[in-house]
Amino acid sequence: MSQKRKSSIGDLDFEDLDFQYCYSVKELELINNYLRVNPNFELINRKLISIPYTPIAIEAVVHEIARQLGNWNVETNKDGLGIVTTSRGGFDFSDTNLQKIQAPDVAFTPEDTFLSLDEKQLWSFEGQPFTPIFIVKVANIKNSEIEKEVNNKIRKDYFAHGTSVKLGWLIDPIGRNIWVYKRDKNGSPYRRRQPWEDLDAGDILPDFTLELEMINDIIDKDSASDDDKEEEEDVDEGKKRRKRIDDDDDDDDGKKRRKKVRKDEAECPYCDLEIKTASKMAKHINKMHVK
């Protein structure tokens, strides 16, 4: 461990932070307030761990999950609201005397927990630790190493012995993968893989179902431009094909070719363009003919 020390909070050198130094909670709060244009940090066993920014599509998915959870919170809990937090809302997930302040992408803390918090718990990390009952992690699981790292974080940190977390979702929007984390009767975490479909939170958050339609729209934006290019290519190719067919309309080979086209493709009912798949046909009609 580095021997470099800070004599007081006022002597912090924000331009030359020592990532091996064990900063206090107050120092961590000052650092986070100052570094507004840099990644945030988590405090793990009194060590600063840099948390990188996420791409806009991942953050859009996080926002959509938080939006739906917030709407459910308002619509369902009319007599008293729980608290929905995102990646700026930290909790102390420590199962030892050393703090482990981390922020799930989305979390839900019930009303009774929130109302029981004292001033220190509300406005700092110096009070008695508390944790949410529900967390969500959104990540691009590119390979088995990332999956292992995220899985360990959820199991060993969020679901650590003594935390209040009862339900967790790991959502990989790019791979369209979902893992659901719960506790067994002994309190130990386990997970199950779920199909890519609307997700029910069960008894933990009664009547809350995450609808994936908007998330699918976010994911599919990447492929929308590619589909437009393919459609333009299909239009050009369709025009060329019709011209070739018209040129030898009385030819036996032309009749065979038309037969093959009709077998492999469908014609648009509005413009007679041959299109290969039903999804492309729907997009073509919606774009070109629906006003």
Side-chain angles (χ1 to χ4, degrees), residues 40 54-93 101-119 121-123 125 127-140 150 153-154 157-159 163-183 187 189-221 224:
N40 293 319
T54 56
I56 188 170
I58 293 290
E59 193 62 22
V61 172
V62 171
H63 172 76
E64 175 59 23
I65 296 171
R67 182 191 69 79
Q68 292 191 35
L69 183 60
N71 289 348
W72 165 86
N73 186 34
V74 172
E75 294 168 0
T76 305
N77 304 313
K78 294 181 179 179
D79 296 332
L81 302 180
I83 302 299
V84 177
T85 54
T86 54
S87 57
R88 295 281 291 180
F91 298 88
D92 186 356
F93 288 94
I101 298 174
Q102 301 186 70
D105 290 328
V106 180
F108 180 78
T109 303
E111 180 201 19
D112 56 351
T113 299
F114 180 71
L115 293 179
S116 70
L117 302 180
D118 59 31
E119 187 173 354
Q121 291 172 307
L122 285 170
W123 300 106
F125 294 107
Q128 180 70 23
F130 66 95
T131 51
I133 64 170
F134 170 65
I135 62 94
V136 180
K137 176 65 178 175
V138 180
N140 178 11
V150 176
K153 184 183 185 74
I154 294 175
D157 293 344
Y158 298 155
F159 277 82
T163 70
S164 302
V165 179
K166 300 178 181 179
L167 175 66
W169 292 345
L170 170 55
I171 297 178
D172 170 18
I174 297 178
R176 285 178 164 80
N177 294 310
I178 297 174
W179 290 269
V180 174
Y181 292 76
K182 294 182 179 180
R183 295 184 188 270
Y190 68 94
R191 74 172 187 175
R192 290 178 179 171
R193 195 165 187 163
Q194 299 288 112
W196 186 258
E197 58 187 29
D198 292 354
L199 197 54
D200 189 343
D203 296 337
I204 307 303
L205 304 177
D207 299 323
F208 175 58
T209 298
L210 177 66
E211 299 178 354
L212 297 186
E213 181 179 0
M214 293 295 291
I215 294 177
N216 286 332
D217 287 345
I218 296 170
I219 300 170
D220 292 339
K221 283 189 183 298

Expected output: side-chain Asn73 to main-chain Leu81 donor-acceptor under 3.5 Å: no
Gln128 backbone acceptor or donor facing Gln121 side chain under 3.5 Å: yes
Under the side chain to side chain donor-acceptor pair (under 3.5 Å) rule, collect the residues that match up with [X], sequence neighbours excluded.
X      : result
Glu59  : Thr54
Arg193 : Asn177
Gln68  : Glu64
Trp72  : Thr76

Those residues that, when tested against Tyr190, pass ring pair (Phe, Tyr, Trp, His ring centres under 6.0 Å) (two or more places apart): none
Ring pair (Phe, Tyr, Trp, His ring centres under 6.0 Å) partners of Phe159, counting only residues at least two apart: none
Smallest separation among heavy atoms of Ser164 and Thr131, with atom names: N-OG1, 2.7 Å
Any pair counted as salt bridge (charged side-chain N to carboxylate O under 4.0 Å, His left out), so long as it reaches residues 165-183, sequence neighbours left out: Arg176-Asp220
Partners passing side-chain contact (heavy atoms from CB on, under 4.5 Å) against [X] (at least two apart in sequence or in another chain):
X      : result
Asp198 : Thr209, Glu211, Leu212
Ala201 : Leu167, Trp169, Leu205, Phe208
Ile56  : none
Thr109 : Ile83, Phe91, Thr113, Pro132

